[in-house]
There are 2 protein chains.
Amino acid sequence: MYQTFLNLEVEKQHKIINSALKEFSINNYDTASTNKIIKDAKISKGILYHYFGSKKNLYLYLYEYVTTIFIDAINSRLDLEEPDIFKRYEQIMTIKLELIKQYHTFFDFLKKTYIETSLEVRSELDQYNLTLQNSSYDSVFAGIDYDLFHKNIDSKKAIDTIRWVTDGISDRYEERLKSNVDNSEAFNQLLEQCMEEANDYFQFLKQLVYKNTKR
Amino acid sequence: MYQTFLNLEVEKQHKIINSALKEFSINNYDTASTNKIIKDAKISKGILYHYFGSKKNLYLYLYEYVTTIFIDAINSRLDLEEPDIFKRYEQIMTIKLELIKQYHTFFDFLKKTYIETSLEVRSELDQYNLTLQNSSYDSVFAGIDYDLFHKNIDSKKAIDTIRWVTDGISDRYEERLKSNVDNSEAFNQLLEQCMEEANDYFQFLKQLVYKNTKR
DNA sequence: TATCAATTGACCAACCTGGTCAAATTATAT
DNA sequence: ATATAATTTGACCAGGTTGGTCAATTGATA
């Protein structure tokens, strides 16, 4: 499956993938148009169907492709030796924001797949997610030392709070970062600003929930 | 404008409004179909255009309609005498979740308007939002007593944290609540469970950031 | 030169779009 | 009962789109 496509030079593969991602990011599955994709990728209609067989196969191929790249990127960069949950979150946040720079179209596409409702693909997406779930989420937080929390602290609530604060700050910057992917200087400045703000909040929370810190 | 529409008995108005909201919630502005709307509302094509003049006018009418109802609902139920920010957030959350029960289609529609990009309507949405912004967000937090925070606490960070935790818990329940709008018993049970969880977290945070509380 | 894979794009039938308008129906006033 | 006015209908329009097919062309390989 997809063998003829994979025999293409990678640049041509990327061009097709990016055109398809763009179209599926703007529209939902049903309204996304294969005609727009081939026009943007400058390939013929016939060859797209030769590569992928159907619109559905193309879509599912993209989903596997994108998730695989993200999971690999995270796994390769995360330092599981770090026991401090704040530092671990700092890592996750940095990785995520840097991935935006390289792969911002992937984020848009993934966001759409979350809310995709078309009967044509929904169940396949869910099924594939199941096979991922086991491996991914838990391992990201392997090796965290929960004894760093003050003994009176409900660590579950503390962890939730840290996650929500992290997400909140991410959201605050995500859109602005996306619109600056082509301006390296502005992007890096924003990223630095974001991480600084995150660390401020981490310091604030650490002081509240960690041992050996004063109010 | 819209006078003939407003002369209709309210039930018929609601039927049309709900059909339109449904269609604009599933699709974006450009792909939403007036034909689907009239079919669902069981009215003729001509009369829809007699009422609203154009697809654009219909869409903007819906936006004004929905936001007005939400703002009125919040303003009428919020107790601005309550100085405790946790209790204020408890109120906001309760109001919001109860609004889901009555108006869950409104939420879906509003979510779509946030991300609507069609040139046909984007600028009009933004312009209308500007006229709202002044009046709404600030007044929701009027009368909060920031002296309740412990003196060493950065109250801005604390407030952000409270908001993010509130949103996090809301998100956790929102989808489940939406899918139970027609089952009053299950809905109320979920709502209760949600508020209980929220209060647990509020207690947790209060203990961390308020005066006169021990770790 | 012959074989086979890659690639093209015209073509298909089916369907949809926002909007119009002459005609039919219903309500109101005399 | 009649005339006028307001409401409502739905067939119709021209112009588009769609996912998918397939005979024909091109390019590579042996």
Side-chain angles (χ1 to χ4, degrees), chain A residues 1-17 19-63 116-122 124, chain B residues 1-17 19-63 116-122 124:
Chain A
M1 191 80 112
Y2 314 128
Q3 199 48 57
T4 36
F5 176 70
L6 294 170
N7 286 340
L8 259 41
E9 20 185 331
V10 282
E11 284 135 54
K12 197 169 179 187
Q13 285 183 39
H14 286 167
K15 196 173 178 187
I16 295 168
I17 286 172
S19 298
L21 284 176
K22 205 199 288 178
E23 179 64 10
F24 282 119
S25 300
I26 299 170
N27 305 101
N28 58 38
Y29 176 79
D30 287 321
T31 55
S33 154
T34 52
N35 289 322
K36 293 239 183 76
I37 293 170
I38 59 153
K39 204 173 160 190
D40 190 80
K42 282 164 187 147
I43 57 168
S44 72
K45 191 69 171 284
I47 202 63
L48 184 78
Y49 278 83
H50 183 55
Y51 291 152
F52 297 100
S54 70
K55 187 184 180 182
K56 180 176 172 177
N57 276 346
L58 167 61
Y59 184 81
L60 295 175
Y61 175 83
L62 290 174
Y63 190 61
E116 182 57 59
T117 54
S118 170
L119 298 173
E120 197 107 19
V121 293
R122 184 65 262 168
E124 266 90 349
Chain B
M1 192 81 115
Y2 315 126
Q3 199 47 58
T4 37
F5 175 70
L6 294 170
N7 287 341
L8 258 43
E9 22 187 330
V10 284
E11 286 133 52
K12 196 168 181 188
Q13 286 183 40
H14 286 166
K15 195 171 180 190
I16 295 168
I17 286 172
S19 299
L21 285 176
K22 205 199 289 175
E23 178 65 9
F24 283 120
S25 300
I26 299 170
N27 305 100
N28 58 38
Y29 176 79
D30 288 323
T31 55
S33 154
T34 52
N35 289 320
K36 293 237 184 76
I37 294 169
I38 59 155
K39 203 172 160 189
D40 190 80
K42 281 163 188 147
I43 57 169
S44 72
K45 192 69 170 287
I47 201 63
L48 183 77
Y49 279 83
H50 182 56
Y51 290 153
F52 297 101
S54 70
K55 188 185 182 184
K56 180 176 173 179
N57 276 345
L58 167 61
Y59 183 81
L60 295 175
Y61 174 83
L62 291 174
Y63 190 62
E116 182 57 60
T117 54
S118 170
L119 297 173
E120 197 106 22
V121 293
R122 184 65 263 170
E124 265 90 350

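Fair warning: this is a prediction, and the values are worked out from it, not measured in the lab. Every chain is numbered from 1 and lettered A, B, ... according to where its sequence line falls, protein lines coming before strand lines.
Spacing between atom CD of A:Gln3 and atom P of C:dA6 amounts to 10 Å, rounded to whole angstrom units. Rounded to whole Å, the distance from CG on A:Leu48 to P on D:dG20 is 10 Å. Residue B:Lys12 contributes atom NZ, which lies 8 Å from atom C1' of D:dT8 at whole-angstrom precision. Straight-line distance from the CG atom of A:Asn27 to the P atom of C:dC16: 17 Å, rounded to whole Å. For A:Tyr49 and C:dA10, the OH to P distance is 17 Å, given to the nearest whole Å. Atoms CD (A:Gln13) and C1' (C:dA6) sit 15 Å apart, rounded to a whole Å. Here the P atom of nucleotide C:dG9 and the NZ atom of A:Lys42 are 13 Å apart, to the nearest Å. A:Leu8 has its CG atom 11 Å from the C1' atom of C:dT7, to the nearest Å.
Across all strands, B:Lys55 comes closer than 4.0 Å only to sugar-phosphate atoms, never to a base (heavy-atom distances).
Comparing A:Gly53 and A:Glu23 by the nucleotide of DNA chain D that holds the closest heavy atom to each, the one mapping nearer the 5' end is A:Glu23. Between A:Ala32 and A:Ile47, the one whose closest nucleotide on DNA chain D sits nearer the 5' end is A:Ala32.
Checked against C:dG19, C:dG9, C:dT8, the side chain of B:Lys45 finds its nearest nucleotide in C:dG19. With C:dG19, C:dT17, D:dG20 as the choices, the nucleotide that has an atom nearest any side-chain atom of B:Ser54 turns out to be C:dG19. Picking from D:dT7, C:dT7, D:dT18 the nucleotide with the shortest atom distance to the side chain of B:Thr4 gives D:dT7. When distances run from any side-chain atom of A:Ile43 to the nucleotides D:dT18, C:dT8, D:dG10, the shortest one goes to C:dT8. The listed nucleotides are D:dT18, D:dT8, C:dT8; the one nearest the side chain of B:His50 is D:dT8.
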What do the steps show when you test B:Thr31 against B:Asn28 for side chain to side chain donor-acceptor pair (under 3.5 Å), and what is the final call? CA-CA 6 Å; B:Thr31 55; B:Asn28 58 38; 2.8 Å; yes
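The 12-atom threshold is exceeded at NZ of B:Lys56, counting heavy atoms of other residues, nucleotides or ligands nearer than 6.0 Å.
Here the closest non-hydrogen pair linking A:Lys22 and A:Asp40 is NZ-OD1, 3.2 Å.
For B:Asn35 and C:dC16, the shortest distance from a side-chain N or O to OP1 or OP2 is not below 4.0 Å. Contact annotation: B:Ser33 reaches the phosphate of C:dT17 (side-chain N/O to OP1 or OP2, under 4.0 Å). In this model, the phosphate group of D:dG19 is approached by a side-chain N or O of A:Thr34 to a distance below 4.0 Å at OP1 or OP2.
Below 30°, between 30° and 60°, or above 60°: for A:Tyr61 and A:Phe5 the angle between ring planes is above 60°, a perpendicular geometry. Between B:Phe24 and B:Tyr59, the two ring planes are perpendicular [angle over 60°; tilted spans 30° to 60°].
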